[in-house]
Amino acid sequence: MQSRLPNTPQAPDTILITGGARRIGLHCAERFVADGYRIIITCRQPRSALPEALEVMLADFSTADGIQRFIDELQDRAPRLRAIIHNASLWLDDSEGASALQQMFMVHMQAPYLINQQCRNLFVPGAAADIIHLGDDVTRKGSARHIGYCATKTGLEGLTRSFAASLAPAVKVNAIAPALIMFNPEDDADYRARALSKSALGIEPGPDVVYQSIRFLMDNPYITGSCLPLNGGRHLK
Ligand SMILES: NC(=O)C1=CN([C@@H]2O[C@H](COP(=O)(O)OP(=O)(O)OC[C@H]3O[C@@H](n4cnc5c(N)ncnc54)[C@H](OP(=O)(O)O)[C@@H]3O)[C@@H](O)[C@H]2O)C=CC1
Ligand SMILES: Nc1nc2c(c(=O)[nH]1)N=C([C@H](O)[C@@H](O)CO)CN2
């Protein structure tokens, strides 16, 4: 169960997870619900099979107007936020060139930037507060196959350090830099074998390692401006 702060009549109880209707985000949302939190997730289109416990906000961060509409609706809801998890992401290669880079800039950088800037008031003064950015281990050395993706995830890691400095001590801001967490259904056997071989531990760990990392950062009062590697030892190979 979540730890209730003493002397805070209404402890913050809501966690926002962007892109939380599928895969890692949905897993984390379900784990937080089981731990007693209210969860708001965003997705671009209505989804019928989501757990009823999840509050769903439709949001498309591909345009400035879409980001601002989401922020305005979130302000109208005025949740008492315990944390914001910036999970939404596009993993595009460079075949679409500048169009893909622009789309990933919007999702990986402009949306977190504006949401962090405009929604800091939704955290409860004096209560624990966290912003967590989902980055990528690939920022450690670059990516020949996902140049635009890597650039925008690198920018997101830069936002981590800047917002950590800007929002301290009221809000901790950290990043998690995963490598392979979970494959996509279309990943073939050869791709899967090659991806597994890139790390020292050689496993597809599944989404709960991301949830565990998020909780570690939320539950630790003395970490901010950091980027937590979650890569199975890829840096050792
Ligand atoms: N899966 C892995 O192995 C790894 C994942 N990561 C990172 O972890 C996080 C979660 O990964 P994963 O679950 O695979 O992510 P997904 O590829 O499933 O992306 C998460 C969600 O982001 C949402 N999204 C995409 N574009 C937009 C947009 N324009 N506006 C709003 N939302 C958007 C989508 O939700 P919807 O379609 O419902 O709108 C999508 O399901 C990501 O940030 C990813 O980069 C890093 C390394 C490895
Ligand atoms: N938004 C996404 N980002 C990433 C994904 C994904 O499915 N969605 N997947 C990966 C890969 O697992 C990679 O880490 C290993 O091949 C990276 N980012």
Side-chain angles (χ1 to χ4, degrees), residues 16-30 40-50 54 56-71 74 84-93 99-112 114-115 132-141 143-146 148-157 159-160 175-188 190-199 202-211 213-214 227-232 234 237:
L16 167 66
I17 304 177
T18 65
R22 297 173 59 224
R23 292 166 54 81
I24 292 173
L26 177 58
H27 175 84
C28 293
E30 292 172 329
I40 298 173
I41 63 167
T42 76
C43 55
R44 289 169 292 180
Q45 300 293 333
R47 292 180 185 272
S48 56
L50 290 172
L54 301 181
V56 179
M57 292 181 68
L58 297 183
D60 188 335
F61 300 142
S62 58
T63 67
D65 286 348
I67 297 169
Q68 196 58 52
R69 272 196 302 274
F70 165 73
I71 291 171
L74 187 65
I84 298 174
I85 313 296
H86 290 288
N87 170 76
S89 172
L90 278 171
W91 189 39
L92 303 176
D93 64 24
S99 165
L101 175 62
Q102 179 61 36
Q103 290 177 65
M104 292 184 284
F105 173 84
M106 295 301 288
V107 182
H108 297 159
M109 291 189 68
Q110 185 150 331
L114 291 175
I115 292 167
I132 295 175
H133 298 147
L134 270 293
D136 193 306
D137 177 67
V138 77
T139 61
R140 186 166 41 83
K141 62 179 186 178
S143 171
R145 298 173 183 269
H146 294 86
Y149 169 83
C150 184
T152 53
K153 285 288 192 176
T154 301
L156 180 58
E157 286 185 17
L159 290 176
T160 305
I176 297 168
L180 171 66
I181 299 298
M182 59 189 297
F183 289 114
N184 281 285
E186 65 271 20
D187 293 336
D188 62 26
D190 177 54
Y191 173 85
R192 292 171 186 242
R194 281 188 287 111
L196 292 170
S197 71
K198 290 179 180 176
S199 75
I203 61 169
E204 176 197 18
D208 206 59
V209 297
V210 176
Y211 179 74
S213 301
I214 290 169
C227 181
L228 181 64
L230 186 61
N231 67 8
R234 274 202 182 194
K237 301 256 332 197

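Each ligand, and each atom within it, is numbered from 1 in the order the structure gives. In what follows, every heavy atom counts, from backbone to side chain, and hydrogens, waters and symmetry copies are set aside. Predicted model, so just to flag it, every value in this text is computed and none were measured.
- When every heavy atom of Pro112 is checked against every heavy atom of Val107, the shortest pair comes out as CD-O, 3.3 Å.
- Side chains of Leu134 and Val210 form a contact here, defined as non-hydrogen atoms less than 4.5 Å apart.
- Two residues are said to be in side-chain contact when any heavy atoms from C-beta on lie closer than 4.5 Å; Leu230 and Asp137 fail this criterion.
- Of all the atoms in ligand 2, the ones that sit under 4.0 Å from a non-hydrogen atom of Arg234 are 15 (C).
- When only non-hydrogen protein atoms are considered, atom 10 (C) of ligand 1 lies nearest to Asn87 OD1, 3.0 Å.
- Here is the list of ligand 1 atoms found below 4.0 Å of a heavy atom in Asp136: 46 (C), 47 (C).
- Using a 4.0 Å cutoff on heavy atoms, Tyr191 counts as a contact of ligand 2.
- Atoms of ligand 1 lying under 4.0 Å from at least one heavy atom of Ala88, given by number and element, are 22 (O), 32 (N).
- Residue contact check for ligand 2: Lys198 places no non-hydrogen atom closer than 4.0 Å to it.
- Residue contact check: Leu180 has heavy atoms under 4.0 Å from atoms 3 (O) of ligand 1.
- The two atoms that bring Met104 and Gly148 nearest to each other are CE-C, 3.7 Å, heavy atoms only.
- At a 4.0 Å heavy-atom cut-off, ligand 2 touches Tyr149 through the side chain alone.
- If you look at Ala179 next to ligand 1, the close heavy atoms, those under 4.0 Å, all belong to the backbone.
- Every atom of ligand 2 with a heavy atom of Ala179 under 4.0 Å away is listed here by number and element: 14 (O).
- For Arg194, the CZ atom counts as densely surrounded, since its 6.0 Å shell holds more than 12 non-hydrogen atoms of other residues, nucleotides or ligands.
- Contacts between Ala59 and ligand 1, counted as non-hydrogen atom pairs separated by less than 4.0 Å, involve the backbone only.
- Inter-residue side-chain proximity for His133 and Leu159 is flagged as met; some heavy-atom pair is nearer than 4.5 Å.
- Looking at Asp136 against ligand 2, only its side chain comes within 4.0 Å, counting heavy atoms.
- At least one donor-acceptor pair under 3.5 Å links the side chain of Arg23 to the backbone N or O of Met182.
- Listed by chain and residue number, Phe32 satisfy the ring pair (Phe, Tyr, Trp, His ring centres under 6.0 Å) test with Tyr211 (two or more places apart in sequence, or in another chain).
- Residue contact annotation: Tyr149 has a non-hydrogen atom under 4.0 Å from ligand 1.
- Heavy-atom minimum distance, Ile115 versus Phe61: CD1-CZ, 4.1 Å.
- Looking only at heavy atoms of the protein, atom 13 (C) of ligand 2 is closest to Trp91 CZ2, 4.0 Å.
- Heavy-atom contacts of Cys43 reach the following atoms of ligand 1: 38 (O), 39 (O) (cutoff under 4.0 Å).
- Proximity of a side-chain donor or acceptor of Asp188 to a complementary backbone N or O of Asp190 within less than 3.5 Å is detected.
- Among the atoms of Asn184, some N or O lies under 3.5 angstrom from an N or O of ligand 2.
- Within the 4.0 Å heavy-atom cutoff, Gly135 counts among the residues contacting ligand 1.
- Here the side chains of His108 and Ser89 are in contact, with some heavy-atom distance below 4.5 Å.
- Proximity to Asp60 (heavy-atom distance under 4.0 Å) selects the following atoms of ligand 1: 28 (C), 29 (N), 30 (N).
- Protein heavy atom at the shortest distance from atom 5 (C) of ligand 1 is Ile24 CD1, 4.0 Å.
- In Lys153, the part holding a heavy atom less than 4.0 Å from any atom of ligand 1 is the side chain.
- At a threshold of 4.5 Å between non-hydrogen side-chain atoms, the residues Ile41 and Leu50 count as touching.
- The proximity of Arg47 to ligand 1, defined as any non-hydrogen pair under 4.0 Å, is limited to the side chain.
- By the 4.5 Å heavy-atom criterion applied to side chains, Asp136 and Leu156 are not counted as neighbours.
- Ligand 1 places these atoms under 4.0 Å from at least one heavy atom of Leu134: 8 (O), 43 (O).
- With hydrogens left out, the protein atom closest to atom 14 (O) of ligand 2 is Leu180 N, 3.5 Å, a heavy atom.
- Scanning all protein heavy atoms for the shortest distance to atom 22 (O) of ligand 1 gives Ser89 N, 3.1 Å.
- Contact annotation: for Ile181 versus ligand 1, heavy atoms closer than 4.0 Å belong to both the backbone and the side chain.
- Between Glu204 and Phe183, the closest heavy-atom pair is OE2-N, 2.8 Å.
- Across His27, Arg22, Arg44, Met182, heavy-atom proximity to atom 37 (O) of ligand 1 is greatest for Arg44.
- Of the protein's heavy atoms, Arg23 NH2, 3.0 Å lies nearest to atom 14 (O) of ligand 1.
- Shortest non-hydrogen contact noted between Val138 and Ser143 is CG2-CB, 3.3 Å.
- At the top of the distance list for atom 1 (N) of ligand 2, counting protein heavy atoms only, stands Ser89 OG, 2.8 Å.
- Contacts with ligand 2 closer than 4.0 Å are made by no heavy atom of Pro178, backbone or side chain.
- Neither the backbone nor the side chain of Phe70 comes within contact range of ligand 1; no heavy atom lies under 4.0 Å.
- Taking atom 30 (N) of ligand 1 as the reference point, the nearest protein heavy-atom neighbour is Phe61 N, 2.8 Å.
- Considering all non-hydrogen atoms of both residues, Ala64 and Gln110 come closest at CB-NE2, 3.8 Å.
- One side chain, Ser62 or Asp60, offers a donor N or O that lies under 3.5 Å from an acceptor on the other.
- Summarising the geometry, atom CD1 belonging to Ile24 is positioned 9.5 Å from atom CD1 belonging to Ile176; distances are rounded to the nearest 0.5 Å.
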